[in-house]
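Side chains included, hydrogens not; waters and symmetry mates left out as well; all remaining heavy atoms used. Both ligands and their constituent atoms are indexed starting at 1 by order of listing.
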Amino acid sequence: MITKTAISNFQKLETPLFYYDMDLLRETLSLFKKLLDKYGIVGHYALKANANDRILKAVLDHGIGAECATGNEVSLAVASGFAPENVVFAGVAKTDKEIVTALKADIACFNCESIQEIQVIDELAGSLGKRARIAIRVNPNVDAHTHKYITTGLKENKFGISPWAFDEVLKVIKASKNIDFTGLHFHVGSQITDMSVFKELCIKVNVIENWFEEKGVNVKSIDLGGGLGVDYDDPDKHPVPTFEEYLKVIHDNLKVKPGQIVRVEPGRAVVAQCGYLITRATYVKNGMEKKFVILDAGMNNLIRPALYDAHHKVENITSDGKKSRYDVVGAVCESSDTFAANALVNETRRGDIFAIHSAGAYGQVMNMRYNQRDLAKAYYSDDFNK
Ligand SMILES: *Cc1c(COP(=O)(O)O)cnc(C)c1O
């Protein structure tokens with residue numbers, strides 16, 4: 001939520017900036033943790049969604065672990081206080097350097113995405129005199145029904161190991177002296193709002209798990225990845241994601257054996273709704289057929305609309321004028337730098353402040369300096385309300 005105090009602070013600050021509602025973040029984390037405990041599931045937050053120190057600290061304070069996509073994220077997670085046994089590491093392209101970093105940190109698990117990677121981890125673990133716990137990331141060929149750039153579990157995607165290679169995986173694991181096989185990992189895509197996708201995933205996981213068990217391999221852990229979506233259309237109505245529905249679908253459909261660990265790894269669902277990109281209207285321009293609001297934020301601050309055709313709610317928070325149609329566009333010289341085409345917003349004047357909602361995930365973490373533009377700074381509600 002954006003309070004009056006927050007708006008009066010924004011008026012004094014340089015824009016664009018990122019603003020985080022820390023009460024909403026804590027509310028989201030508390031509910032998530034409560035439901036994880038209810039269903040006996042272990043949560044790992046995917047750092048790649050937002051790795052700001054204040055956000056990581058809140059995640060840590062709620063007893064949630066870390067999911068990392070790079071060696072640097074592993075280092076950051078450990079430096080931020082996450083216990084190594086609560087850190088998992090996926091990624092198709094783990095370099096030797098990254099693997100060594102994670103081995104030295106003694107993380108809970110490498111989620112391996114190719115047979116070659118298993119062999120390299122085994123070799124590097126041997127050379128360091130360490131044992132590596134590994135799971136295999138399985139590509140289950142499940143359609144996440146989301147944007148094609150954030151679909152990861154189809155057989156044409158680069159992620160994971162396909163079932164036809166399992167026999168060879170077992171051979172390689174048997175031949176590897178420095179690894180302990182712990183279980184199976186999945187992650188089929190992002191911004192998934194249709195719970196039947198997770199149901200379908202669980203049903204496939206049961207079959208895959210059986211295959212391993214029948215070969216005499218003990219599957220100690222099942223990691224279902226992240227992917228839970230949020231409501232970008234009406235974030236005020238749904239500020240907290242549907243964790244109950246999501247975890248219940250897993251509880252109802254995944255066969256879990258006594259003692260088995262079940263993990264989930266949401267990123268977006270934890271942080272999207274608590275973040276806003278706050279920006280000023282630099283110009284209002286009347287075109288032949290359209291009116292444009294030209295913001296001081298651009299795709300370099302929030303790339304999702306340009307990259308994935310993503311929709312974010314765009315709101316003029318300092319005008320109470322009559323609503324009118326505008327194309328609300330970014331400052332970068334690319335036509336794809338449009339935040340909302342034909343959006344209904346309050347009558348806008350130069351200098352009005354806009355909030356672009358649901359910008360907490362995959363927003364600031366992808367902020368870049370294209371056009372030599374300044375990086376947008378982060379501000380936190382905890383500091384404003386004091
Ligand atoms: C990106 C990613 C996540 C988090 O995805 P969200 O859609 O943000 O929940 C979790 N696990 C893995 C392996 C990922 O690559």
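Counting only residues at least two apart or on different chains, the side chain to side chain donor-acceptor pair (under 3.5 Å) pairs with a member in residues 167-178 are D122-N178. Within the structure, side chain to side chain donor-acceptor pair (under 3.5 Å) pairs that include any residue of residues 78-89 do not occur (at least two apart or interchain). Applying the side chain to side chain donor-acceptor pair (under 3.5 Å) definition to pairs two or more places apart or across chains, those involving residues 353-367 are Y20-Q364, N52-Q364, Q273-S358, N301-N367, E315-H357.
Between the side chains of R280 and T15, at least one donor N or O lies within less than 3.5 Å of an accepting N or O.
Taking the six-membered ring wherever Trp is involved, the centroid distance between the rings of Y283 and F292 does not fall below 6.0 Å. If you look at H311 and Y232, their ring centroids are not closer than 6.0 Å.
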Distance dump, ligand 1 polar atoms to protein, N/O, under 3.5 Å:
{"residue": "ligand 1", "atom": "7 (O)", "partner": "S190", "partner atom": "OG", "Å": "2.3"}
{"residue": "ligand 1", "atom": "7 (O)", "partner": "G227", "partner atom": "N", "Å": "3.4"}
{"residue": "ligand 1", "atom": "8 (O)", "partner": "R268", "partner atom": "N", "Å": "2.8"}
{"residue": "ligand 1", "atom": "8 (O)", "partner": "Y362", "partner atom": "OH", "Å": "2.5"}
{"residue": "ligand 1", "atom": "9 (O)", "partner": "G227", "partner atom": "N", "Å": "2.8"}
{"residue": "ligand 1", "atom": "9 (O)", "partner": "G267", "partner atom": "N", "Å": "2.9"}
{"residue": "ligand 1", "atom": "11 (N)", "partner": "E265", "partner atom": "OE1", "Å": "2.6"}
{"residue": "ligand 1", "atom": "15 (O)", "partner": "K48", "partner atom": "NZ", "Å": "2.8"}

